[in-house]
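Here the structure is laid out as C-alpha coordinates; the discussion comes afterwards.
Each chain gets a letter, A, B and so on, in the order the sequences are listed, and its residues count up from 1.
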Protein chains: 2
Amino acid sequence: MSTYNGRMERADAARNRARILEAAARLFAERSPQDVTMDDIARAAGVGRGTLYRRYPDRAAIAVALLDEHERELQERLLRGEPPLGPGAPPAERLAAFYAAMVRLLEDHSHLVLGSEVGRTRFETGAYGFWRAHVRVLLDAAGTPGPDALVDVLLAPLAPEVYRYQRTVLGLTPAQIAGALAGLTKVLGS
Amino acid sequence: MSTYNGRMERADAARNRARILEAAARLFAERSPQDVTMDDIARAAGVGRGTLYRRYPDRAAIAVALLDEHERELQERLLRGEPPLGPGAPPAERLAAFYAAMVRLLEDHSHLVLGSEVGRTRFETGAYGFWRAHVRVLLDAAGTPGPDALVDVLLAPLAPEVYRYQRTVLGLTPAQIAGALAGLTKVLGS
DNA sequence: TAGTGAAGCGGACGTTGTGTCCATTTATCT
DNA sequence: AGATAAATGGACACAACGTCCGCTTCACTA
(Lines give C-alpha, C1' and ligand atoms only; values in the text may rest on other atoms or scores of the structure.)
Protein backbone atom coordinates (compact mmCIF):
# COMPACT_ATOMS: atom_id res chain seq x y z
CA MET A 1 0.00 0.00 0.00
CA SER A 2 2.89 2.38 0.67
CA THR A 3 4.40 2.07 -2.78
CA TYR A 4 2.66 2.94 -5.98
CA ASN A 5 3.88 0.94 -8.91
CA GLY A 6 1.57 1.83 -11.72
CA ARG A 7 -1.05 -0.84 -11.26
CA MET A 8 -2.43 0.33 -7.97
CA GLU A 9 -5.31 2.73 -7.76
CA ARG A 10 -4.43 6.22 -6.73
CA ALA A 11 -5.43 7.27 -3.22
CA ASP A 12 -7.99 9.85 -4.27
CA ALA A 13 -9.49 7.40 -6.73
CA ALA A 14 -9.90 4.77 -4.04
CA ARG A 15 -11.45 7.29 -1.68
CA ASN A 16 -13.95 8.35 -4.30
CA ARG A 17 -14.83 4.80 -5.23
CA ALA A 18 -15.63 4.07 -1.60
CA ARG A 19 -17.71 7.24 -1.36
CA ILE A 20 -19.66 6.38 -4.47
CA LEU A 21 -20.41 2.83 -3.38
CA GLU A 22 -21.45 3.96 0.07
CA ALA A 23 -23.70 6.70 -1.22
CA ALA A 24 -25.27 4.44 -3.84
CA ALA A 25 -25.99 1.74 -1.28
CA ARG A 26 -27.75 4.27 0.91
CA LEU A 27 -29.80 5.72 -1.93
CA PHE A 28 -30.77 2.33 -3.32
CA ALA A 29 -31.91 1.26 0.11
CA GLU A 30 -34.08 4.26 0.81
CA ARG A 31 -35.97 4.56 -2.46
CA SER A 32 -36.82 2.75 -5.67
CA PRO A 33 -33.62 2.24 -7.70
CA GLN A 34 -35.04 3.61 -10.94
CA ASP A 35 -35.77 6.84 -9.08
CA VAL A 36 -32.12 7.24 -8.21
CA THR A 37 -30.35 9.23 -10.90
CA MET A 38 -26.66 9.29 -11.62
CA ASP A 39 -26.79 12.91 -10.55
CA ASP A 40 -28.21 11.93 -7.19
CA ILE A 41 -25.45 9.44 -6.60
CA ALA A 42 -22.72 11.87 -7.64
CA ARG A 43 -24.10 14.58 -5.40
CA ALA A 44 -24.60 12.25 -2.42
CA ALA A 45 -21.08 10.94 -2.85
CA GLY A 46 -19.69 14.45 -3.08
CA VAL A 47 -18.02 13.83 -6.42
CA GLY A 48 -18.51 15.32 -9.85
CA ARG A 49 -20.52 13.82 -12.65
CA GLY A 50 -17.44 12.99 -14.69
CA THR A 51 -15.82 11.17 -11.81
CA LEU A 52 -18.84 8.96 -11.43
CA TYR A 53 -19.07 8.14 -15.12
CA ARG A 54 -15.35 7.43 -15.30
CA ARG A 55 -15.87 4.28 -13.28
CA TYR A 56 -19.49 3.31 -13.66
CA PRO A 57 -21.21 3.83 -17.00
CA ASP A 58 -24.68 3.40 -15.53
CA ARG A 59 -26.70 2.47 -12.45
CA ALA A 60 -26.49 -1.19 -13.27
CA ALA A 61 -22.70 -1.18 -13.03
CA ILE A 62 -22.88 0.31 -9.55
CA ALA A 63 -25.44 -2.18 -8.35
CA VAL A 64 -23.39 -5.03 -9.78
CA ALA A 65 -20.35 -3.78 -7.89
CA LEU A 66 -22.39 -3.65 -4.69
CA LEU A 67 -23.76 -7.13 -5.24
CA ASP A 68 -20.50 -8.61 -6.29
CA GLU A 69 -19.27 -9.95 -3.00
CA HIS A 70 -22.60 -11.51 -2.02
CA GLU A 71 -22.91 -13.23 -5.35
CA ARG A 72 -19.36 -14.45 -5.25
CA GLU A 73 -19.89 -15.97 -1.86
CA LEU A 74 -22.92 -17.92 -3.03
CA GLN A 75 -21.12 -18.98 -6.18
CA GLU A 76 -18.27 -20.24 -4.07
CA ARG A 77 -20.63 -22.28 -1.90
CA LEU A 78 -22.31 -23.76 -4.95
CA LEU A 79 -19.00 -24.90 -6.37
CA ARG A 80 -17.17 -26.03 -3.27
CA GLY A 81 -19.49 -25.79 -0.29
CA GLU A 82 -21.18 -28.47 1.75
CA PRO A 83 -24.10 -30.46 0.33
CA PRO A 84 -26.90 -30.03 -0.40
CA LEU A 85 -25.86 -26.62 -1.77
CA GLY A 86 -22.46 -27.83 -2.88
CA PRO A 87 -21.60 -31.04 -4.75
CA GLY A 88 -22.58 -34.41 -3.38
CA ALA A 89 -26.34 -34.28 -2.95
CA PRO A 90 -28.87 -35.50 -5.53
CA PRO A 91 -29.69 -32.88 -8.21
CA ALA A 92 -33.23 -32.23 -6.96
CA GLU A 93 -31.99 -31.50 -3.46
CA ARG A 94 -29.24 -29.28 -4.74
CA LEU A 95 -31.76 -27.35 -6.82
CA ALA A 96 -34.00 -26.86 -3.82
CA ALA A 97 -31.04 -25.65 -1.79
CA PHE A 98 -30.09 -23.29 -4.58
CA TYR A 99 -33.61 -21.87 -4.63
CA ALA A 100 -33.56 -21.38 -0.89
CA ALA A 101 -30.23 -19.58 -1.08
CA MET A 102 -31.45 -17.36 -3.89
CA VAL A 103 -34.56 -16.44 -1.93
CA ARG A 104 -32.30 -15.46 0.91
CA LEU A 105 -30.18 -13.35 -1.40
CA LEU A 106 -33.21 -11.71 -2.96
CA GLU A 107 -34.67 -11.01 0.44
CA ASP A 108 -31.50 -9.36 1.68
CA HIS A 109 -30.57 -7.46 -1.44
CA SER A 110 -33.55 -7.25 -3.73
CA HIS A 111 -33.21 -3.49 -4.01
CA LEU A 112 -29.70 -3.93 -5.32
CA VAL A 113 -30.67 -6.68 -7.70
CA LEU A 114 -33.54 -4.57 -8.95
CA GLY A 115 -31.08 -1.77 -9.54
CA SER A 116 -28.75 -3.93 -11.55
CA GLU A 117 -31.07 -6.19 -13.47
CA VAL A 118 -33.73 -4.27 -15.25
CA GLY A 119 -35.69 -6.49 -17.60
CA ARG A 120 -33.59 -7.98 -20.33
CA THR A 121 -30.27 -6.67 -19.04
CA ARG A 122 -30.66 -9.39 -16.43
CA PHE A 123 -29.48 -12.00 -18.88
CA GLU A 124 -26.40 -10.06 -19.78
CA THR A 125 -24.88 -10.02 -16.32
CA GLY A 126 -22.16 -12.45 -15.48
CA ALA A 127 -24.11 -13.66 -12.48
CA TYR A 128 -26.99 -14.90 -14.62
CA GLY A 129 -24.55 -16.88 -16.70
CA PHE A 130 -23.28 -18.52 -13.55
CA TRP A 131 -26.72 -19.45 -12.22
CA ARG A 132 -27.54 -20.75 -15.67
CA ALA A 133 -24.47 -22.97 -15.82
CA HIS A 134 -25.18 -24.32 -12.37
CA VAL A 135 -28.77 -25.29 -13.08
CA ARG A 136 -27.73 -26.72 -16.41
CA VAL A 137 -25.29 -29.03 -14.66
CA LEU A 138 -28.01 -30.17 -12.26
CA LEU A 139 -30.37 -30.91 -15.14
CA ASP A 140 -27.72 -32.92 -16.93
CA ALA A 141 -26.92 -34.84 -13.77
CA ALA A 142 -30.61 -35.68 -13.36
CA GLY A 143 -30.88 -36.69 -16.99
CA THR A 144 -33.80 -34.37 -17.55
CA PRO A 145 -34.78 -34.19 -21.23
CA GLY A 146 -34.58 -30.91 -23.12
CA PRO A 147 -32.43 -29.12 -20.56
CA ASP A 148 -31.59 -26.18 -22.82
CA ALA A 149 -35.02 -24.63 -22.69
CA LEU A 150 -35.74 -25.72 -19.15
CA VAL A 151 -32.83 -23.86 -17.59
CA ASP A 152 -34.26 -20.40 -18.11
CA VAL A 153 -37.74 -21.59 -17.28
CA LEU A 154 -36.47 -22.69 -13.88
CA LEU A 155 -34.57 -19.44 -13.34
CA ALA A 156 -37.39 -17.16 -14.44
CA PRO A 157 -39.21 -17.13 -11.07
CA LEU A 158 -36.05 -15.71 -9.52
CA ALA A 159 -36.38 -12.50 -11.50
CA PRO A 160 -36.23 -9.68 -8.95
CA GLU A 161 -39.47 -8.16 -10.24
CA VAL A 162 -41.31 -11.40 -9.58
CA TYR A 163 -39.92 -11.75 -6.08
CA ARG A 164 -40.65 -8.15 -5.31
CA TYR A 165 -44.21 -8.51 -6.54
CA GLN A 166 -44.81 -11.61 -4.45
CA ARG A 167 -43.38 -10.03 -1.33
CA THR A 168 -44.74 -6.50 -1.61
CA VAL A 169 -48.00 -6.67 -3.50
CA LEU A 170 -49.15 -10.16 -2.59
CA GLY A 171 -47.69 -10.05 0.89
CA LEU A 172 -46.21 -13.54 0.70
CA THR A 173 -43.46 -14.65 3.06
CA PRO A 174 -40.01 -15.77 1.95
CA ALA A 175 -40.88 -19.23 3.26
CA GLN A 176 -43.97 -19.45 1.10
CA ILE A 177 -42.03 -18.43 -1.97
CA ALA A 178 -39.21 -20.84 -1.22
CA GLY A 179 -41.80 -23.56 -0.76
CA ALA A 180 -43.34 -22.91 -4.16
CA LEU A 181 -39.91 -22.94 -5.76
CA ALA A 182 -39.06 -26.20 -4.05
CA GLY A 183 -42.08 -27.66 -5.83
CA LEU A 184 -40.34 -27.00 -9.12
CA THR A 185 -37.79 -29.65 -8.37
CA LYS A 186 -40.41 -32.19 -9.39
CA VAL A 187 -39.65 -31.42 -13.02
CA LEU A 188 -36.20 -32.94 -12.63
CA GLY A 189 -37.57 -36.44 -12.57
CA SER A 190 -36.77 -37.72 -16.04
CA MET B 1 -72.02 6.50 -37.57
CA SER B 2 -73.96 9.26 -39.31
CA THR B 3 -75.32 10.81 -36.15
CA TYR B 4 -73.24 12.22 -33.37
CA ASN B 5 -74.93 12.16 -30.00
CA GLY B 6 -72.26 13.14 -27.56
CA ARG B 7 -70.91 9.70 -26.72
CA MET B 8 -69.42 8.86 -30.07
CA GLU B 9 -65.87 9.72 -30.93
CA ARG B 10 -65.46 12.57 -33.34
CA ALA B 11 -64.44 11.65 -36.87
CA ASP B 12 -61.03 13.31 -36.73
CA ALA B 13 -60.35 11.68 -33.40
CA ALA B 14 -61.13 8.25 -34.80
CA ARG B 15 -58.95 8.89 -37.82
CA ASN B 16 -56.04 9.92 -35.64
CA ARG B 17 -56.44 6.96 -33.32
CA ALA B 18 -56.24 4.62 -36.29
CA ARG B 19 -53.17 6.44 -37.60
CA ILE B 20 -51.44 6.24 -34.26
CA LEU B 21 -52.12 2.54 -33.80
CA GLU B 22 -51.01 1.76 -37.33
CA ALA B 23 -47.82 3.79 -37.06
CA ALA B 24 -46.99 2.35 -33.65
CA ALA B 25 -47.49 -1.21 -34.86
CA ARG B 26 -45.10 -0.57 -37.72
CA LEU B 27 -42.46 1.05 -35.54
CA PHE B 28 -42.67 -1.64 -32.84
CA ALA B 29 -42.24 -4.29 -35.49
CA GLU B 30 -39.21 -2.80 -37.14
CA ARG B 31 -37.08 -1.94 -34.15
CA SER B 32 -36.69 -2.51 -30.44
CA PRO B 33 -39.70 -1.02 -28.58
CA GLN B 34 -37.63 0.91 -26.10
CA ASP B 35 -35.96 2.67 -29.02
CA VAL B 36 -39.30 3.95 -30.23
CA THR B 37 -40.01 7.33 -28.70
CA MET B 38 -43.37 9.00 -28.34
CA ASP B 39 -42.02 11.59 -30.76
CA ASP B 40 -41.31 8.91 -33.33
CA ILE B 41 -44.82 7.58 -33.09
CA ALA B 42 -46.37 11.03 -33.31
CA ARG B 43 -44.28 11.93 -36.33
CA ALA B 44 -44.88 8.61 -38.08
CA ALA B 45 -48.60 8.95 -37.44
CA GLY B 46 -48.59 12.50 -38.73
CA VAL B 47 -50.12 13.91 -35.57
CA GLY B 48 -48.86 16.34 -32.97
CA ARG B 49 -47.35 15.46 -29.63
CA GLY B 50 -50.33 16.67 -27.69
CA THR B 51 -52.71 14.58 -29.75
CA LEU B 52 -50.74 11.47 -28.99
CA TYR B 53 -50.53 12.14 -25.27
CA ARG B 54 -54.24 12.97 -25.12
CA ARG B 55 -55.05 9.32 -25.69
CA TYR B 56 -52.01 7.33 -24.65
CA PRO B 57 -49.97 8.49 -21.69
CA ASP B 58 -47.01 6.27 -22.59
CA ARG B 59 -45.72 3.54 -24.90
CA ALA B 60 -47.17 0.85 -22.71
CA ALA B 61 -50.69 2.13 -23.22
CA ILE B 62 -50.27 1.96 -26.99
CA ALA B 63 -48.87 -1.55 -26.89
CA VAL B 64 -51.69 -2.66 -24.63
CA ALA B 65 -54.21 -1.24 -27.08
CA LEU B 66 -52.51 -3.12 -29.91
CA LEU B 67 -52.44 -6.36 -27.94
CA ASP B 68 -55.92 -6.03 -26.66
CA GLU B 69 -57.79 -8.02 -29.26
CA HIS B 70 -55.32 -10.89 -29.30
CA GLU B 71 -55.40 -11.19 -25.55
CA ARG B 72 -59.15 -10.98 -25.46
CA GLU B 73 -59.44 -13.77 -27.94
CA LEU B 74 -57.24 -16.06 -25.87
CA GLN B 75 -59.07 -15.11 -22.71
CA GLU B 76 -62.32 -15.97 -24.38
CA ARG B 77 -61.03 -19.37 -25.40
CA LEU B 78 -59.77 -20.05 -21.89
CA LEU B 79 -63.15 -19.30 -20.41
CA ARG B 80 -65.48 -20.79 -22.95
CA GLY B 81 -63.46 -22.58 -25.62
CA GLU B 82 -63.01 -26.26 -26.32
CA PRO B 83 -60.91 -28.42 -24.02
CA PRO B 84 -58.10 -28.79 -23.30
CA LEU B 85 -57.73 -24.99 -23.45
CA GLY B 86 -61.24 -24.37 -22.21
CA PRO B 87 -63.06 -26.04 -19.32
CA GLY B 88 -63.47 -29.80 -19.19
CA ALA B 89 -59.97 -31.21 -19.35
CA PRO B 90 -57.84 -32.14 -16.31
CA PRO B 91 -55.94 -29.18 -14.82
CA ALA B 92 -52.52 -30.39 -15.92
CA GLU B 93 -53.67 -30.68 -19.52
CA ARG B 94 -55.32 -27.31 -19.42
CA LEU B 95 -52.15 -25.76 -18.06
CA ALA B 96 -50.10 -27.32 -20.84
CA ALA B 97 -52.56 -26.00 -23.40
CA PHE B 98 -52.40 -22.58 -21.82
CA TYR B 99 -48.60 -22.63 -22.05
CA ALA B 100 -48.76 -23.65 -25.69
CA ALA B 101 -51.19 -20.85 -26.47
CA MET B 102 -49.06 -18.31 -24.65
CA VAL B 103 -45.98 -19.40 -26.56
CA ARG B 104 -47.93 -18.86 -29.72
CA LEU B 105 -48.99 -15.42 -28.58
CA LEU B 106 -45.46 -14.50 -27.55
CA GLU B 107 -44.11 -15.75 -30.84
CA ASP B 108 -46.55 -13.70 -32.86
CA HIS B 109 -46.51 -10.55 -30.79
CA SER B 110 -43.48 -10.56 -28.53
CA HIS B 111 -42.45 -7.13 -29.74
CA LEU B 112 -45.77 -5.74 -28.65
CA VAL B 113 -45.67 -7.48 -25.32
CA LEU B 114 -42.15 -6.23 -24.79
CA GLY B 115 -43.37 -2.75 -25.54
CA SER B 116 -46.18 -2.97 -23.05
CA GLU B 117 -44.69 -4.94 -20.21
CA VAL B 118 -41.40 -3.52 -19.10
CA GLY B 119 -40.18 -5.22 -15.95
CA ARG B 120 -42.45 -4.71 -13.02
CA THR B 121 -45.19 -2.93 -14.95
CA ARG B 122 -46.00 -6.38 -16.29
CA PHE B 123 -47.84 -7.23 -13.10
CA GLU B 124 -49.94 -4.12 -13.25
CA THR B 125 -51.60 -4.89 -16.56
CA GLY B 126 -55.07 -6.30 -16.61
CA ALA B 127 -53.91 -9.19 -18.75
CA TYR B 128 -51.50 -10.45 -16.09
CA GLY B 129 -54.33 -10.46 -13.60
CA PHE B 130 -56.34 -12.60 -15.95
CA TRP B 131 -53.58 -15.15 -16.54
CA ARG B 132 -53.03 -15.20 -12.81
CA ALA B 133 -56.67 -15.93 -12.05
CA HIS B 134 -56.75 -18.66 -14.65
CA VAL B 135 -53.70 -20.50 -13.35
CA ARG B 136 -54.93 -20.06 -9.82
CA VAL B 137 -58.16 -21.82 -10.71
CA LEU B 138 -56.23 -24.69 -12.26
CA LEU B 139 -54.08 -25.05 -9.15
CA ASP B 140 -57.12 -25.12 -6.93
CA ALA B 141 -58.79 -27.69 -9.14
CA ALA B 142 -55.71 -29.87 -8.93
CA GLY B 143 -55.54 -29.42 -5.17
CA THR B 144 -51.95 -28.27 -5.33
CA PRO B 145 -50.69 -27.05 -1.95
CA GLY B 146 -49.57 -23.46 -1.49
CA PRO B 147 -51.10 -22.15 -4.71
CA ASP B 148 -50.67 -18.48 -3.82
CA ALA B 149 -46.94 -18.45 -4.29
CA LEU B 150 -46.92 -21.01 -7.06
CA VAL B 151 -49.08 -19.00 -9.43
CA ASP B 152 -46.47 -16.36 -10.20
CA VAL B 153 -43.72 -18.95 -10.24
CA LEU B 154 -45.55 -20.74 -13.02
CA LEU B 155 -46.20 -17.53 -14.92
CA ALA B 156 -42.68 -16.16 -14.59
CA PRO B 157 -41.22 -18.10 -17.56
CA LEU B 158 -43.77 -16.37 -19.78
CA ALA B 159 -42.15 -13.00 -19.18
CA PRO B 160 -41.48 -11.53 -22.62
CA GLU B 161 -37.83 -10.90 -21.79
CA VAL B 162 -37.32 -14.56 -20.99
CA TYR B 163 -38.99 -15.73 -24.19
CA ARG B 164 -37.08 -13.22 -26.25
CA TYR B 165 -33.81 -14.33 -24.69
CA GLN B 166 -34.52 -17.99 -25.35
CA ARG B 167 -35.51 -17.36 -28.95
CA THR B 168 -32.99 -14.75 -29.95
CA VAL B 169 -29.87 -15.30 -27.90
CA LEU B 170 -30.10 -19.04 -27.30
CA GLY B 171 -31.69 -19.79 -30.65
CA LEU B 172 -34.30 -22.14 -29.24
CA THR B 173 -37.43 -23.00 -31.19
CA PRO B 174 -40.96 -22.30 -29.98
CA ALA B 175 -41.50 -26.05 -29.78
CA GLN B 176 -38.53 -26.51 -27.47
CA ILE B 177 -39.74 -23.76 -25.20
CA ALA B 178 -43.29 -25.08 -25.17
CA GLY B 179 -41.89 -28.50 -24.33
CA ALA B 180 -39.98 -27.19 -21.35
CA LEU B 181 -43.05 -25.36 -20.12
CA ALA B 182 -45.15 -28.48 -20.50
CA GLY B 183 -42.73 -30.12 -18.08
CA LEU B 184 -43.84 -27.65 -15.44
CA THR B 185 -47.24 -29.27 -15.29
CA LYS B 186 -45.62 -31.98 -13.17
CA VAL B 187 -45.78 -29.63 -10.20
CA LEU B 188 -49.56 -29.83 -10.24
CA GLY B 189 -49.54 -33.32 -8.82
CA SER B 190 -50.46 -32.77 -5.20
C1' DT C 1 11.71 18.59 -0.63
C1' DA C 2 10.93 20.56 -4.88
C1' DG C 3 10.02 19.21 -9.58
C1' DT C 4 7.42 16.58 -13.11
C1' DG C 5 4.37 13.70 -15.78
C1' DA C 6 0.23 11.65 -15.75
C1' DA C 7 -3.95 10.03 -13.61
C1' DG C 8 -7.91 11.76 -11.74
C1' DC C 9 -11.39 15.31 -10.96
C1' DG C 10 -15.67 18.01 -11.64
C1' DG C 11 -18.88 20.96 -13.48
C1' DA C 12 -20.38 23.22 -17.65
C1' DC C 13 -22.43 21.94 -21.90
C1' DG C 14 -25.05 19.91 -25.74
C1' DT C 15 -28.46 16.39 -26.59
C1' DT C 16 -32.51 13.73 -26.22
C1' DG C 17 -36.91 12.41 -24.53
C1' DT C 18 -40.82 13.70 -21.53
C1' DG C 19 -45.18 15.75 -20.51
C1' DT C 20 -48.03 20.12 -20.43
C1' DC C 21 -50.36 24.10 -22.08
C1' DC C 22 -53.17 26.90 -24.89
C1' DA C 23 -54.24 29.50 -29.17
C1' DT C 24 -56.19 27.72 -33.29
C1' DT C 25 -58.74 24.52 -36.10
C1' DT C 26 -62.49 21.36 -37.10
C1' DA C 27 -66.50 18.47 -36.56
C1' DT C 28 -71.18 18.19 -35.25
C1' DC C 29 -75.57 20.06 -33.92
C1' DT C 30 -79.28 23.59 -34.55
C1' DA D 1 -74.68 29.43 -41.85
C1' DG D 2 -73.68 30.04 -36.93
C1' DA D 3 -72.65 28.36 -32.45
C1' DT D 4 -70.15 25.45 -29.41
C1' DA D 5 -67.33 22.26 -27.58
C1' DA D 6 -64.07 18.75 -28.68
C1' DA D 7 -59.76 17.98 -30.74
C1' DT D 8 -55.42 19.37 -32.56
C1' DG D 9 -50.34 20.35 -32.72
C1' DG D 10 -46.33 22.58 -31.84
C1' DA D 11 -43.93 25.53 -28.65
C1' DC D 12 -42.22 25.26 -24.04
C1' DA D 13 -40.18 24.04 -19.62
C1' DC D 14 -37.99 20.36 -17.50
C1' DA D 15 -35.22 16.29 -16.26
C1' DA D 16 -31.63 13.11 -17.03
C1' DC D 17 -28.04 11.58 -19.84
C1' DG D 18 -23.23 11.30 -21.27
C1' DT D 19 -19.06 13.96 -22.80
C1' DC D 20 -15.40 17.10 -22.82
C1' DC D 21 -11.52 19.61 -21.18
C1' DG D 22 -9.05 22.96 -18.14
C1' DC D 23 -7.57 22.38 -13.53
C1' DT D 24 -5.99 19.68 -9.39
C1' DT D 25 -3.81 16.10 -6.92
C1' DC D 26 -1.04 12.22 -6.57
C1' DA D 27 3.12 9.34 -6.65
C1' DC D 28 7.53 8.93 -8.15
C1' DT D 29 12.30 10.90 -8.65
C1' DA D 30 16.49 13.36 -8.18
A:Glu9 has an atom CD; how far is it from atom P of D:dT25, in whole Å?
18 Å

Answer yes or no: is there an ion pair linking A:Arg80 with A:Glu76, defined by an N-O contact shorter than 4.0 Å?
yes

Co-membership, hydrophobic cluster, residues B:Leu170 and A:Leu158, 4.5 Å side-chain:
yes

Close N/O contacts between protein and nucleotides 18-23 of chain C (under 3.5 Å):
{"unit_1": "C:dT18", "atom_1": "OP1", "unit_2": "B:Arg59", "atom_2": "NH1", "d": "3.1"}
{"unit_1": "C:dT18", "atom_1": "OP2", "unit_2": "B:Met38", "atom_2": "N", "d": "3.3"}
{"unit_1": "C:dG19", "atom_1": "OP2", "unit_2": "B:Tyr53", "atom_2": "OH", "d": "3.2"}
{"unit_1": "C:dG19", "atom_1": "N7", "unit_2": "B:Arg49", "atom_2": "NE", "d": "3.2"}
{"unit_1": "C:dG19", "atom_1": "N7", "unit_2": "B:Arg49", "atom_2": "NH2", "d": "2.8"}
{"unit_1": "C:dG19", "atom_1": "O6", "unit_2": "B:Arg49", "atom_2": "NE", "d": "2.7"}

Test item: A:Pro147 and A:Arg136 side chains (from C-beta on) under 4.5 Å apart, heavy atoms:
yes

Any donor-acceptor pair under 3.5 Å between the side chain of A:Arg10 and the base of C:dA7?
yes

If I take atom OH in residue A:Tyr56 and atom P in nucleotide D:dC17, what distance separates them, rounded to the nearest angstrom?
17 Å

Is there side-chain contact between A:Phe130 and A:Leu74, with at least one heavy-atom pair below 4.5 Å?
no

Holding to salt bridge (Lys or Arg N to Asp or Glu O under 4.0 Å), I want the full list of residues that pass it with B:Arg15, two or more places apart in sequence or in another chain.
none

If you compare all heavy atoms of B:Gly81 against all heavy atoms of B:Pro87, which two are closest, and at what distance to 0.1 Å?
O-CD, 3.7 Å

Quick one: B:Met8 CE to C:dA27 C1', roughly how many Å, whole number?
12 Å

To the nearest Å, how far apart are A:Ile41 CD1 and C:dC9 P?
16 Å

Using whole Å, what does the distance between atom C1' of nucleotide C:dT24 and atom CG of B:Asp12 come to?
13 Å

Over all heavy atoms of both residues, which pair between B:Ala89 and B:Pro84 is shortest? Give the atoms and the distance, please.
CB-CA, 3.6 Å

Measure the distance from CG on B:Asp35 to C1' on C:dT16 and round it to the nearest whole Å.
13 Å

What orientation do A:Phe98 and A:Trp131 show, parallel under 30°, tilted 30 to 60°, or perpendicular over 60°?
tilted

Report which part of the nucleic acid B:Arg55 touches: base, sugar-phosphate, or nothing (heavy-atom distance under 4.0 Å, all strands).
sugar-phosphate

Quick one, which residues of residues 13-25 of chain B touch DNA chain C with a heavy atom under 4.0 Å?
none

So, are A:Glu161 and B:Arg122 salt-bridged, with charged N and O less than 4.0 Å apart?
no

